[in-house]
Amino acid sequence: MAYKKHISLLVLQLLYLAFVFTSANGSYLKLGFYQKTCPNVEAIVAKVTADHISVAPSLAAPLLRMHFHDCFIRGCDGSVLLDSTKTNAAEKVGPPNLSLRGYQVIDAAKSALEKECPGVVSCADILSLVARDAVYQIKGPWWPVPLGRRDGSVSIALESLSLPAPFGNIAQLKAQFASKGLSVKDLVVLSGGHTIGTSQCSTIVIRLYNFTGKGDTDPTLDPKYVPFLKKKCKPTDTTTLLEMDPGSFRTFDEDYYTIVMKRRGLFQSDAALLDDKETAAYVKLQAQSHGSTFFKDFEESMVKMGQIEVLTGSAGEIRKHCASVN
């Protein structure tokens, strides 16, 4: 009886893994996809990423954000990596993507892989791995990355305007995540990525100086925190950088939720997490339990996000250079 129960549980686990690793368009990604064609792919990408993050740990945040931005536009197909051409403005130059950095890490990993196994590993897979390895390098979680993505050939700057915005309200954010097959829990978990990185004053000046067009401050901001922010950001300042998680913006931890609970999140989208029963409960749980489940939850949500509308099989291509189509 116990043996049958064990077998049943094993079958359920395998069915769950099959479900988790099946993308929204029914295509299949799998762990060990390059086992025969490029067995050292993960070790090579991990080393390249570690070499860069050890010198410039601040690159971890934009690399994670790059993966997020890639997946939310046309799926995780590496389209955010493409350069503009004479006839097309690519995602890379879309307003939300102008502050992305770290393309050189992707290029270095691609170059190393082309030497080891030319024409085999996609740029979309490389970006998925680099994002994971960059987070791990700054004491964040590590998650399995099922592989087999192919690279897209379309990249349009205007489409970047559909990315979840820092001034989005909770209804907008929930709708945007749901449209990509992500849950409300995924929304609040992935928002925890704001525990690392910086943002420009331009994303918060309206909250500080003219929230409703009457020269007022966003009432959802902690009034004791406002003077500090105003000292950092003057009304016309668009370049000064603010730490998303003051004091530990280069370390991946659960402090983000404590900051949101204190009403000190930089973005309106951070504050919006307190406007929904489910997201507010999660914020409170992580803040009060020192992130008891945050790392595990983040791993699971990243695996889901990494499979949004992927190209597999004969769809797309394997780019020779990540910034241009073949």
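One is the number of the first residue; the rest follow in order along the sequence. Remember, it's a predicted structure, so these values are computed and weren't measured experimentally.
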Do [X] side-chain atoms and [Y] backbone N/O form a donor-acceptor pair below 3.5 Å?
| X | Y | answer |
| --- | --- | --- |
| Q176 | S162 | yes |
| T238 | S202 | no |
| N210 | G215 | yes |
| D237 | T239 | yes |
| E243 | G197 | no |
| T251 | S248 | no |
| T217 | Y209 | no |
| R263 | P219 | yes |
| N88 | S155 | yes |
| R319 | G78 | yes |

Supply the atom-to-atom distance Y34 OH to T37 OG1, rounded to the nearest 0.5 angstrom.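 OG1 of T37 is found 7.0 Å from OH of Y34.
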
Could you check whether atom [atom1] of [X] has more than 12 heavy atoms from other residues, nucleotides or ligands sitting under 6.0 Å from it?
| X | atom1 | answer |
| --- | --- | --- |
| Q104 | CD | yes |
| K232 | NZ | no |
| I318 | CD1 | yes |

Would [X] and [Y] pass as an ion pair if we require N to O under 4.0 Å?
| X | Y | result |
| --- | --- | --- |
| D83 | K92 | yes |
| K296 | E300 | yes |
| D222 | R264 | yes |
| K180 | E309 | yes |

Ring centre gap for [X] and [Y] strictly below 6.0 Å:
| X | Y | answer |
| --- | --- | --- |
| Y256 | F294 | no |
| F298 | F295 | no |
| F252 | Y136 | no |

Do F33 and R149 touch side chain to side chain, with heavy atoms closer than 4.5 Å? no

Does a donor on one side chain and an acceptor on the other come within less than 3.5 Å for [X] and [Y]?
| X | Y | answer |
| --- | --- | --- |
| D186 | S183 | yes |
| D218 | Q268 | no |
| T220 | R207 | yes |

Under the side-chain hydrogen bond (donor to acceptor under 3.5 Å, both in side chains) test against S79, which residue among H69, R74, E91 passes?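 Exactly one pass, corresponding to E91.
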
